[in-house]
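Here is the structure we will look at, set down as structure tokens.
All chains are named by letter (A, B, ...) in the order of the sequence lines, taking the proteins before the strands, and each is independently numbered beginning at 1.
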There are 2 protein chains.
Amino acid sequence: MSPIINSLVMHFGEMGSRWGLNRTLGQMYALIVLTEKPLNADEISAQLNISRSNVSMGLKELKSWNLIKLSHIPGDRKEYFSAPKDVWEIARNLMMERRKREVDPTLTALRDVLLEAPANEQEEYAQQRVKQMHDLIEMLTIWTDELQNMSNEKVAALLKLGSGLSKLLDMKERLLPGKANKE
Amino acid sequence: MSPIINSLVMHFGEMGSRWGLNRTLGQMYALIVLTEKPLNADEISAQLNISRSNVSMGLKELKSWNLIKLSHIPGDRKEYFSAPKDVWEIARNLMMERRKREVDPTLTALRDVLLEAPANEQEEYAQQRVKQMHDLIEMLTIWTDELQNMSNEKVAALLKLGSGLSKLLDMKERLLPGKANKE
DNA sequence: CTGAATTTTCAGTAATTTCTGAAAATTGTA
DNA sequence: TACAATTTTCAGAAATTACTGAAAATTCAG
């Protein structure tokens, strides 16, 4: 493996655990993303020195995250894997899956709590905090939905706004003062 | 512990591991956030059935995330802990710390790779992908900086935009077509 | 200062997560 | 359909991470 690719594979291995993945998954995905031609499971297993079965489990996981594409080579029965060529697509899918795993269950739990009648002072306070959290998380959720549906170009434009964002908000406020937004 | 609080403590315990924390940390923070009066380490230890030393380590971690506030009660030598009353502040700090741990090191690693001269075809392809990732992550970083510096009200307004966001972008494009934004 | 109260550290243990090899299941071709 | 190629599953082993109790360090009132 080329030194550059190797160092990135190592790095993403380290980071893998900090993101919801794990070391092997991070390494596998780095290798797949950085390699131009699709790889089969044996190649991945050999390059990363991990067992064939571990690769199989890793690929299953990456599939469930929608992070890899499957392809075939004529006359070869093996399956070949590659990453979307578009980093935006990768980022989108990552965001979506993380939200599904990390945020959605909490939103549900908070909603459930809000349906209960508070039994005393303490619970009243707790519910008030739960309400705040719920509202914040719900807004974030709506936002990420919005990002999902935007074109790459539009998301890119939005991100490029950077510090212009604040100004844009002010402008909007001047043009459409206090106009309520529906979701 | 009240049933409502208990169920949330359990839930955040579960989720703790999916976020960069761990079970105990999630439980501790849920308890602190949902309890109105500041808690001391012994109370936390008792309520959650975890060792005093574990609480100490957890509090150290929560401090490093800027998630808790320290206070004292006159005539009591113990330290008391509470969460910011403002969920935005919590969300902000969480975002900042996660970025520091999960994104910044990667940005650095990607930059380092971009400084190397590609040795062959493979490396050339890899660098091209690294460039894409780098640019995307850098934009995200600038954005989160921007969010850090915005007032709560402004962030709230931004989040509330929800699906109005897309329209706002269009509007901007009409008014200031193609205007470049500096960071 | 002294010493009791409190907090922190840390080596060892417990719990959890990840990884492997062997076996089972699936796939596609002849 | 039969069978070789390939992939998946899964029980146990290995590695990692989290937790504890005991001891050390710190803090602060007297």
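- Here C:dT17 presents its C1' atom at 13 Å from CG of A:L25, a figure rounded to the nearest Å.
- Between A:S51 and A:H72, the residue whose closest nucleotide on DNA chain C is further toward the 5' end is A:S51.
- Smallest separation of non-hydrogen atoms from B:R101 and A:R18: O-NH1, 2.8 Å.
- Across the protein-nucleic acid pair, A:Q27 atom CD and C:dC19 atom C1' stand 12 Å apart, rounded to whole Å.
- If you measure from atom CG of A:N49 to atom P of C:dG21, you get 11 Å, rounded to the nearest angstrom.
- Going from atom CG of B:N54 over to atom P of C:dT9 covers 14 Å, rounded to whole Å.
- As a whole-Å value, the separation of A:I50 CD1 from D:dA15 C1' is 15 Å.
- Closest approach to the A:T24 side chain among C:dC19, D:dT20, D:dA18 is made by C:dC19 (side chain taken as heavy atoms from C-beta onward).
- Scanning both residues, B:R129 and A:P84, for their nearest heavy atoms gives NH2-O, 2.9 Å.
- In this structure, A:E43 contributes its side chain and A:N40 its backbone to a donor-acceptor pair below 3.5 Å.
- Side-chain polar atoms of A:Q122 and B:S2 form no donor-acceptor pair below 3.5 angstrom.
- Using a 4.0 Å cut-off between charged side-chain N and carboxylate O, A:D86 and A:R92 make no salt bridge.
- The phosphate of C:dT16 (OP1 or OP2) has a side-chain N or O of B:R23 nearer than 4.0 angstrom.
- Rounded to 10 degrees, the angle between the two end axes of the helix from C:dC1-D:dG30 to C:dA30-D:dT1 is 30°, with five pairs used at each end.
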- Query: Reading nucleotides 1-8 of chain D 5' to 3', which nucleotides get B (base under 4.0 Å from a protein heavy atom), which S (sugar-phosphate only), which -?
  - Reply: ---BBSBB
- Task: Give the intermediate values and the outcome of side-chain hydrogen bond (donor to acceptor under 3.5 Å, both in side chains) for residues A:S17 and A:R23.
- Result: CA-CA 6 Å; A:S17 2; A:R23 182 147 36 93; 5.8 Å; no
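- Using a 4.0 Å cut-off between charged side-chain N and carboxylate O, B:R98 and B:D104 make no salt bridge.
- At whole-Å resolution of the value, CZ in B:R18 and P in C:dT16 are 15 Å apart.
- To the nearest angstrom, C1' of D:dA18 lies 13 Å from CE of B:M28.
- When distances are taken from the side chain of B:N22 to each of C:dT20, D:dC19, C:dT18, the shortest belongs to D:dC19.
- B:R52 and B:S45 share no donor-acceptor pair across their side chains, judged by distance under 3.5 Å alone.
- The heavy-atom pair separating A:K85 from A:E36 by the smallest distance is NZ-O, 3.7 Å.
- B:S17 comes within contact range of no nucleotide atom at all, as no heavy-atom separation falls under 4.0 Å.
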